[in-house]
Amino acid sequence: MKATLALALTLVALACARSAQLRMPQVEDSSLVEQQGTLGAEVLRFHVGMQIELLEAGLRLRRAGRELCEEQLAPILGILAWRRNDLRLRQLKELGESELKLGDDPRVLFVHPESAAARAGVRVGDLLRRFNGERLTRSEQLWKLPREAGPGPFELEIERAGSVELLPVERELGCRHQVVLAESDQIAVQPTRDGNIVVSQAMVRFARGSDELAAAIAHQMAHVILELDRELPEASD
Amino acid sequence: MGRALLVACAVGALTLPVAANEAGEEDLLDGVRGVELEYEMGARSLEMYLERTRRLKRISDRIRLEGAALCGDQLAPVWGMVVTTASELPSAFYYPALHRFRIDDRVRVVWVMPDLPADRAGLREGDVITRINGERLGDAAELREYRPGPDETGPIVLRVLRDDWPLDLEVENRPGCFSPADLAFGDTVNAFADGHQIIVFSGLMRLLVEDDALAIVIGHELAHNMLGHVGRGHQLQEPEADYMGAYFAARAGYDVSAAQDVWRRFAEQSVYSVATRAARSHPSAPRRILALRQALAEIEAKRAAGLPLEPEMLP
């Protein structure tokens, strides 16, 4: 008797587990869209925050380490600028438009206060249009064009509040290694084949303060600098 | 002199700094003091691991006990202690575990939670458990997942060795939802249920420092196990686990509203999860936040009305 009951209960339990068992409150589509917007905005800002942290650490190390980098130098502008298409997902592109006012031209999200760009008068919100006369249509131009340019100051054409300005930006050299963010949740700082340093977002969270973060980045930069005997290939995107 | 040259060759033109000990003699950093440092760091890592295990046990055992009414007959005794053996730890911990916590290949009690059955029965840190109701104990997992028969509601007798002296201790069978939670090494911000236990990675514990937040995740995974989800699949498993998980956390006294933040933080890990369903077929983060808010409203309403905190079942 007990065995049959137990068997019956087990069968019922098994049957129940095959489909939904709980009556859950419904989520309305309109609320969902709104929440997507709110969360998306928060997450975007958080990401920009991390990018800024890395730019700050990177710029400081690259400038101060100039003498240690010998031939491995490149101009550093000190600007974080994004285009709408820098965010890959459609919904994020839309958020980029509404929250950060991103469009086809790179928009300045951050200017490092000690950078050549800051000294030239570049400000947050500026749209970057041309670099040394060349129209900026791809994000990689922001770091490639300065490296390809000859000596002397750069000419940066910006648009601010509807009017166009030409800003001369000093060609300030520092170590060529860019510090780049990766989404991985592994705590890692690694050099790439093209001489950049990739820092995972888990590492940015893990480091207690900018000193710890900088120490980890500096270690990797040292690896890249010391492994000098091979030609560093041209950086890929 | 010879060793210094070797070092110089290995790293190019650098001269490494060498440390001088108290007698003023130089010795390279990877000598005896290097081994000591390695031991110290292993010991500290082990301490951190044990601290996380204690935290995980504290929260999960509470949730299991307070959630018993939701788990029908899927119950098991909740001991209120952490046990382990050397084989469960990474090899780097071998010596610190052995010297500081006497962890070897036997089932050793590493922590006893106050006021729960193990504590009340007189179990102590350092005890080795050898038998359970007369049967020889194979490994720590056997103890964690021990489920007596439905008729065996009386106390469970554990034989322990304390300073090599055998003692039989009677431990109250306090039933809680059956699946225990255990810690796994890994930076990955993840936790999963496998049908009979819950595994939480240290990466997740590092991200969710607040107990309320961790409780939401544990509740979610416990719900998967209790609803029999593992090994079967249907579309609504993840929302169901979120919904029931909220009830588990609330019943155990955790602040469910504080936990909406959890999905935002997970979303920060991966910007793209904001809009899409993540690979593991979880709902998108915004959907989970909204669903959690509504579950919370439902829970608050029941609390205000003095009703039992139980999720709504389908007929």
Side-chain angles (χ1 to χ4, degrees), chain A residues 2 6 9-10 13-29 31-50 87-95 181 183-188 200-206 222 225-229, chain B residues 11-14 72-74 150 186-190 201 203-204 206-207 223 227-237 239-244 247 263-276 283-291 293-295 297-298 311-315:
Chain A
K2 249 189 182 174
L9 278 174
T10 317
L14 279 174
C16 283
R18 282 215 177 85
S19 57
Q21 302 163 65
L22 302 175
R23 189 175 57 192
M24 299 176 283
Q26 290 308 300
V27 169
E28 282 174 28
D29 284 337
S31 318
L32 183 60
V33 170
E34 194 192 313
Q35 183 61 45
Q36 262 175 351
T38 313
L39 181 67
E42 283 171 359
V43 170
L44 254 185
R45 285 186 187 286
F46 180 80
H47 257 253
V48 173
M50 281 199 290
L87 294 165
R88 265 156 240 172
L89 213 63
R90 181 181 54 84
Q91 291 95 331
L92 286 177
K93 282 200 226 280
E94 287 165 4
L95 273 170
L181 185 69
E183 279 207 1
S184 165
D185 60 6
Q186 300 305 305
I187 296 175
S200 72
Q201 58 84 25
M203 176 67 199
V204 178
R205 294 188 102 110
F206 175 76
I225 292 165
L226 289 171
E227 280 143 43
L228 262 182
D229 27 44
Chain B
V11 297
L14 287 184
D73 63 352
Q74 298 184 83
D187 289 346
T188 176
V189 177
N190 203 2
F201 285 92
L204 187 140
R206 196 188 289 121
L207 181 70
L227 292 168
H229 284 168
V230 183
R232 303 177 183 91
H234 63 75
Q235 296 283 23
L236 295 172
Q237 279 190 350
E240 278 197 332
D242 277 350
Y243 176 63
M244 191 171 188
Y247 273 89
W263 306 130
R264 181 180 58 77
R265 272 188 275 172
F266 286 161
E268 285 167 0
Q269 301 283 111
S270 157
V271 182
Y272 301 105
S273 74
V274 172
T276 58
S284 68
R287 187 176 286 277
R288 296 180 96 167
I289 290 176
L290 287 175
R293 266 195 215 142
Q294 292 184 300
E298 198 180 274
E312 299 294 307
M313 306 289 293
L314 284 173

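In what follows, every chain begins at residue 1, and chains take the letters A, B, ... in the order their sequences are listed.
- Here the closest heavy-atom approach between residue A:Val27 and residue B:Leu290 is recorded as CG1-CD1, 3.8 Å.
- Evaluation of the salt bridge (Lys or Arg N to Asp or Glu O under 4.0 Å) rule for B:Asp242 yields B:Arg288 as partners, not counting sequence neighbours.
- In this structure, the portions of A:Gln186 lying under 4.5 Å from any heavy atom of chain B include both its backbone and its side chain.
- Separating the CZ atom in A:Arg23 from the OH atom in B:Tyr243 is a distance of 7.5 Å, to the nearest 0.5 Å.
- Neither the backbone nor the side chain of A:Glu34 comes within contact range of chain B, judged by heavy atoms closer than 4.5 Å.
- Annotation for A:His47 and B:Glu268: closest pair NE2-O, 3.2 Å, computed over non-hydrogen atoms.
- Of the residues considered (B:Thr188, B:Leu236, B:Leu314), B:Leu314 shows the highest number of contacts with chain A, using heavy-atom pairs under 4.5 Å.
- Heavy-atom distances place both the backbone and the side chain of B:Gln294 under 4.5 Å from chain A.
- Distance CZ/B:Arg287 to CD/A:Gln35: 11.5 Å, rounded to 0.5 Å.
- The two atoms that bring A:Pro25 and B:Ala295 nearest to each other are CG-N, 4.1 Å, heavy atoms only.
- Taking CD1 from B:Ile289 and CD from A:Gln36, the interatomic distance works out to 10.5 Å, rounded to the nearest 0.5 Å.
- With sequence neighbours excluded, the residues forming a salt bridge (Lys or Arg N to Asp or Glu O under 4.0 Å) with B:Arg265 are B:Glu210, B:Asp261, listed by chain and number.
- Nearest approach of B:Ala267 to A:Leu39, heavy atoms of both residues: CB-CD2, 4.2 Å.
- Distance CG/B:Leu227 to CG/A:Leu22: 5.5 Å, rounded to 0.5 Å.
- Atoms CZ and CZ, from A:Arg205 and B:Arg206 in turn, are 11.5 Å apart once rounded to the nearest 0.5 Å.
- Counted within 6.0 Å of CD on B:Glu312, heavy atoms from surrounding residues, nucleotides or ligands total more than 12; the atom is thus considered enclosed.
- Among B:Gly72, B:Pro311, B:Pro239, the residue making the largest number of heavy-atom pairs under 4.5 Å with chain A is B:Pro239.
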